[in-house]
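To keep things clear, I will list the structure first and then write my remarks on it.
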Amino acid sequence: MSVNGPTRVPFILDTDSAQDDCVAILFGLLDPVADMRAITMVAGNVGFEEQVRNAAMTLAVADRLDHCPIHRGCTQPLTRAWASASDVHGDGAGGMTMCIPEGMVSTTHAVDAMLELTSQHPGEISLVCIGPLTNVAAAVIKDRSFVERVKSVYIMGGSNNGRGNITAAAEFNFYVDPEAAQIVFEAGFANVVVVTWDPLTLRDGLLPRSEYEKLTQLGTPLARFFKKLCDHTLAYDESVGVPGSTHPDSLTLACLLHPELIVASSPYRVDVETSSELTRGYSNMQWDKFDAIPNAHVVEAADSKAFFARLRDLLSTATTPALPITGLDV
Ligand code: RIB
Ligand code: CA
């Protein structure tokens with residue numbers, strides 16, 4: 001706490017903005033300690049320009065159009081063809097659409113934005129990576145000193161000796177670009193924190209439908225936006241046996257902003273499978289039983305109740321959308 005109120009946390013949000021990614025963007029825009037310096041776009045969930053539109057709509061619905069720049073980044077994985085999750089998320093925004101104002105999306109590439117911002121503020125800015133790690137890996141390849149300039153790296157990805165989601169072995173973000181993920185885990189970043197799909201999201205980042213419906217009925221434009229964002233994914237999750245609305249991305253950012261949400265974490269050696277097509281993207285997470293030098297802290301438990309209480313507060317915020325969003329009843 002400083003004399004001017006809570007100490008704010010500077011970060012870059014690297015995202016494949018669909019569904020919960022956009023909820024993470026809302027945390028970045030509206031949480032009192034969030035100091036989001038840039039949104040960088042990476043190929044992942046849905047069409048690249050759909051992702052850009054989803055991010056722009058999120059700034060608009062929060063009435064934060066000028067909050068921070070959006071930078072287009074890598075439009076495909078380092079070596080592989082892009083793999084979509086449109087079956088899971090639809091277009092990532094429940095059919096909502098908006099005209100993006102001229103100049104709202106920066107002409108600076110996301111990788112250059114990451115390198116420039118961390119050069120201007122060495123040691124101060126964290127990366128919050130909630131999509132495939134292509135942009136971050138490209139930044140490491142382009143300038144090795146990037147690793148020393150980043151304060152911490154919070155990654156949504158992998159499973160901790162658990163189930164995948166796009167395959168039995170792999171979580172989506174690591175599956176899409178396993179080479180990028182392995183480059184990041186080998187790069188030598190000092191403070192890496194990983195929020196996983198299984199068990200963490202499936203246990204502590206999951207909102208049962210009954211609770212989900214209460215959030216969607218809060219009566220604010222943000223609550224209605226949240227419903228449009230998340231309904232498609234909730235229906236998909238329930239269809240494959242996941243009993244609720246999943247929020248791995250917003251939980252990852254919330255863990256950076258509010259470390260007290262992390263109830264348990266341990267050091268692990270994390271590596272990502274790049275050779276086998278059967279287990280492509282599998283996250284091998286070795287705990288202290290094994291003689292492997294740790295390269296990350298994996299979150300093992302989070303305070304789900306406190307996290308979703310923060311989400312409720314966020315969605316209760318009264319905002320007047322800055323631009324008309326087709327498909328959103330304000
Ligand atoms: O596997 C979960 C990740 O992929 C999240 O980042 C979410 O966006 C999903 O598409
Ligand atoms: Ca994501």
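Atoms within a ligand are numbered from 1 in the order they appear, just like the ligands themselves. Positions are given from 1, in the same order as the sequence printed here. All of these numbers come straight from a predicted model, not from anything done at the bench.
- For atom 9 (C) of ligand 1, the nearest protein heavy atom (residue, atom name, distance) is N45 OD1, 3.5 Å.
- Ring centroids of F185 and F174 are separated by less than 6.0 Å, placing the two rings close together.
- Evaluated by nearest non-hydrogen atom to atom 3 (C) of ligand 1, the leading choice among Q19, H247, E171 is E171.
- Between D66 and R64 there is no salt bridge, since no side-chain nitrogen of the basic residue lies less than 4.0 Å from a carboxylate oxygen of the acidic one.
- In this structure, the separation between NZ on K227 and CG on L234 is 8.5 Å, given to the nearest 0.5 Å.
- The residues R72 and E49 are annotated as salt-bridged, a charged nitrogen and a carboxylate oxygen being separated by less than 4.0 angstrom.
- Of all protein heavy atoms, the one closest to atom 6 (O) of ligand 1 is D249 OD1, 2.6 Å.
- Between E179 and R80, at least one side-chain nitrogen of the basic residue sits less than 4.0 Å from a carboxylate oxygen of the acidic one, meeting the salt-bridge criterion.
- Counting only protein atoms, the N, O or S atoms lying less than 3.0 Å from the Ca ion (ligand 2) are D16 OD1, D21 OD1, D21 OD2, I130 O, D249 OD2, ordered by chain and residue number.
- Residue W197 has no N or O atom closer than 3.5 Å to an N or O atom of ligand 1.
- Atoms of ligand 1 found under 4.0 Å from any heavy atom of H89, numbered from 1 in the order shown, are 9 (C), 10 (O).
- The atoms of ligand 1 that sit less than 4.0 Å from any heavy atom of N173 are 3 (C), 4 (O), 5 (C), 6 (O).
- D198 and R203 are not joined by a salt bridge, as no carboxylate oxygen comes within less than 4.0 angstrom of a charged side-chain nitrogen.
- Below 4.0 Å from some heavy atom of N165 lie the following atoms of ligand 1, by number and element: 1 (O), 2 (C).
- For I166, no heavy-atom contact with ligand 1 is shorter than 4.0 Å.
- Comment: D303 does not engage K305 in a salt bridge, judged by the lack of any side-chain N to carboxylate O separation of less than 4.0 angstrom.
- Within the structure, ligand 1 lacks D20 among the residues with a heavy atom less than 4.0 angstrom away.
- Under a 4.0 Å N-O distance rule, the pair E260/R310 qualifies as a salt bridge.
- Ring-plane geometry between F27 and F307 is classed as parallel, the angle between the planes falling under 30 degrees on a 0 to 90 degree scale with a further cut at 60.
- Atoms of ligand 1 found under 4.0 Å from any heavy atom of M156 (numbered from 1 in listed order, with element): 2 (C), 3 (C), 5 (C), 6 (O).
- The shortest N or O to N or O distance between I130 and ligand 1 is under 3.5 Å.
- Ion pairing between a basic and an acidic side chain is recognised when a charged N comes within 4.0 Å of a carboxylate O; R8 and E124 show no such pairing.
- Of all atoms in ligand 1, numbered sequentially from 1 with element shown, those under 4.0 Å from a heavy atom of D21 are 8 (O).
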Worksheet item: Please walk me through it: do Q182 and E186 pass side chain to side chain donor-acceptor pair (under 3.5 Å)?
Response: CA-CA 6 Å; Q182 185 59 20; E186 282 182 337; 3.0 Å; yes
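- Each of D16, I39, L229, T58 was checked for a side chain to side chain contact (heavy atoms under 4.5 Å, CB included) with D21, and the lone residue meeting it is D16.
- Of the heavy atoms in T201, none comes closer than 4.0 Å to ligand 1.
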